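What you are looking at is a predicted structure, and each value in this text was computed from that prediction instead of being measured.
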Amino acid sequence: MWVKRDHDAEWKQWENWLDHIALRVSRVEGVSTEVLQPEGLSNKSPRLRIKWDGAQLGISGRALEKLALDGEPRIILAGSTGTPRDPAASSATIMPYMMNPGDEKAVGERLYALLSRPPKQEPPATPAEPPAAVAGQWEAHLEFIAGSANHVFLFEQQGTELLGTDRGETLAGDLRGYVEGNQIYFRSSHRYEGTRIGYEFAGKVTADGMEGEVDLEEYGKARWTARRHRYGQPGGVVRPVKNI
C-alpha cells in the first residue's frame, strides 16, 4: 500500500486542508498562521501553527487545546502554548495526516468559534501564600481505571516557575509548570514510536506530599500522589568508596 500511494497528491491534499483551516481562523482579528515543514522522520506531514495574543482574545493556547479535546466534535491538537497565567504568546498546531476528507471543515469551524467567541474564563487567583517549595526528587504513583504506574519527578524551582524531568517506568521527558500557594500544575510528554504521550498534572502540595489528577488527553485521566525521595535509602545517593 505504501509504494502504491500517490504521496505527492496526498501531500497536496494535506496542504489544501491546512489552507482551509488557516483561511477560516484568520478571519478572527489578531490571528495569524504559518505552515511548518516536517523536521526529522517522526513528522509525517506539514503542520499549521495558529498564533494569537491570548490576553487580547480572552483564551490561551492551552485552554483552547483542552476545549477542543473536550468539545464536540472532539479535536486532538498537535500541541499548544500559552497558559491562563501567561496567555500572551498563545498558539495551537494542526497535524493533518490522520484527518479524513471533510474534517478540515469541522476543525476550521470549531477553532474559529473558540477564537472568535471564547467561553468566559475566570482569571487565575493571586494566592495569598508564597509558593510551596517542591524542588528536588519526588516518587509518584499514578492510579488508572485499570492498572497503575510509577513515575519520578525531578523539579527545579525558581519562585513559582518549575522546570524538570518526568521519568516513567520506561520513558522520560521534560516537564514545565508552576506553583501558586499550595497548588501545583505541570505538563510533560514522553516520546514513543514517532508520537508523544502527554501528561497534564494538577493538584496540591500537602504536609505529606502531593496529590491530584493527571489528564492524559485521549487516554483519559488518573489520580496521582507523590512523596519526596528519601536520600540515603535504597535507590538514593551513591556514596563514594574510600581509598584504602
Interatomic spacing from [atom1] in [X] to [atom2] in [Y] - rounded to 0.5 Å:
X: Glu129; Y: Gln183; atom1: CD; atom2: CD; answer: 10.0 Å
X: Leu142; Y: Glu213; atom1: CG; atom2: CD; answer: 11.0 Å
X: Ser90; Y: Lys51; atom1: OG; atom2: NZ; answer: 12.0 Å
X: Glu211; Y: Arg223; atom1: CD; atom2: CZ; answer: 6.5 Å
X: Ile59; Y: Glu65; atom1: CD1; atom2: CD; answer: 11.0 Å

According to a hydrophobic-cluster definition based on side-chain heavy atoms being under 4.5 Å apart (Ile, Leu, Val, Met, Phe, Trp, Tyr only), do [X] and [Y] belong together?
X: Ile21; Y: Leu67; answer: yes
X: Phe201; Y: Ile145; answer: no
X: Trp224; Y: Tyr185; answer: no
X: Met99; Y: Tyr112; answer: yes
X: Leu36; Y: Ile50; answer: no

Locate the shortest heavy-atom distance separating [X] from [Y]; write the atom from each residue and the value.
X: Ser60; Y: Pro87; value: CB-CB, 4.0 Å
X: Pro46; Y: Val35; value: CB-CG1, 4.1 Å
X: Thr225; Y: Arg227; value: CB-NH1, 4.3 Å
X: Ala132; Y: Val179; value: N-CG1, 3.6 Å
X: Val214; Y: Leu216; value: O-CD1, 3.8 Å
X: Asn150; Y: Glu169; value: N-OE2, 3.0 Å

Hey, is [atom1] on [X] packed in by over 12 heavy atoms from elsewhere, all under 6.0 Å?
X: Glu29; atom1: CD; value: no
X: Phe144; atom1: CZ; value: yes
X: Arg167; atom1: CZ; value: no

Flag the pair [X] and [Y] as a salt bridge only when some basic side-chain nitrogen lies within less than 4.0 angstrom of an acidic carboxylate oxygen.
X: Arg47; Y: Glu34; result: no
X: Lys12; Y: Asp8; result: no
X: Arg187; Y: Glu200; result: yes

Side chains of [X] and [Y]: closer than 4.5 Å at any heavy-atom pair?
X: Lys66; Y: Asp215; value: yes
X: Asp166; Y: Tyr199; value: yes
X: Asp19; Y: Leu48; value: no
X: Glu180; Y: Pro131; value: no
X: Leu175; Y: Thr165; value: no
X: Trp52; Y: Gln56; value: no
X: Ile75; Y: Ile94; value: no
X: Glu156; Y: Leu162; value: no

Treating [X] as the side-chain partner and [Y] as the backbone partner, does any N or O pair qualify as donor plus acceptor under 3.5 Å?
X: Gln157; Y: Gly159; answer: yes
X: Asp6; Y: Ala9; answer: yes
X: Arg176; Y: Leu163; answer: no
X: Ser189; Y: Gly198; answer: no

Taking the six-membered ring for Trp, are Phe186 and Phe155 ring centroids under 6.0 Å apart? yes
Would Trp17 and Asp103 satisfy side chain to side chain contact (heavy atoms under 4.5 Å, CB included), going step by step from the backbone distance to the final call? CA-CA 8 Å; Trp17 290 345; Asp103 286 351; over 6 Å; no
Is a donor from one side chain sitting under 3.5 angstrom from an acceptor on the other, for [X] and [Y]?
X: His20; Y: Glu104; answer: no
X: Glu15; Y: Trp11; answer: yes
X: Ser91; Y: Thr81; answer: yes

Just do the side chain to side chain contact (heavy atoms under 4.5 Å, CB included) check on Met95 and Ser45 with the steps written out, would you? CA-CA 7 Å; Met95 182 83 79; Ser45 73; 3.3 Å; yes
Assess whether side chain to side chain contact (heavy atoms under 4.5 Å, CB included) is satisfied between Lys204 and Met210, documenting all intermediate values. CA-CA 6 Å; Lys204 62 181 180 179; Met210 293 188 285; over 6 Å; no
Leu77 and Thr93: CA distance, side-chain angles, deciding distance, side chain to side chain contact (heavy atoms under 4.5 Å, CB included) verdict: CA-CA 6 Å; Leu77 301 179; Thr93 303; over 6 Å; no
Using 30° and 60° as the class boundaries, would you call the ring planes of His151 and His190 parallel, tilted or perpendicular?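 It falls in the parallel class, under 30°.
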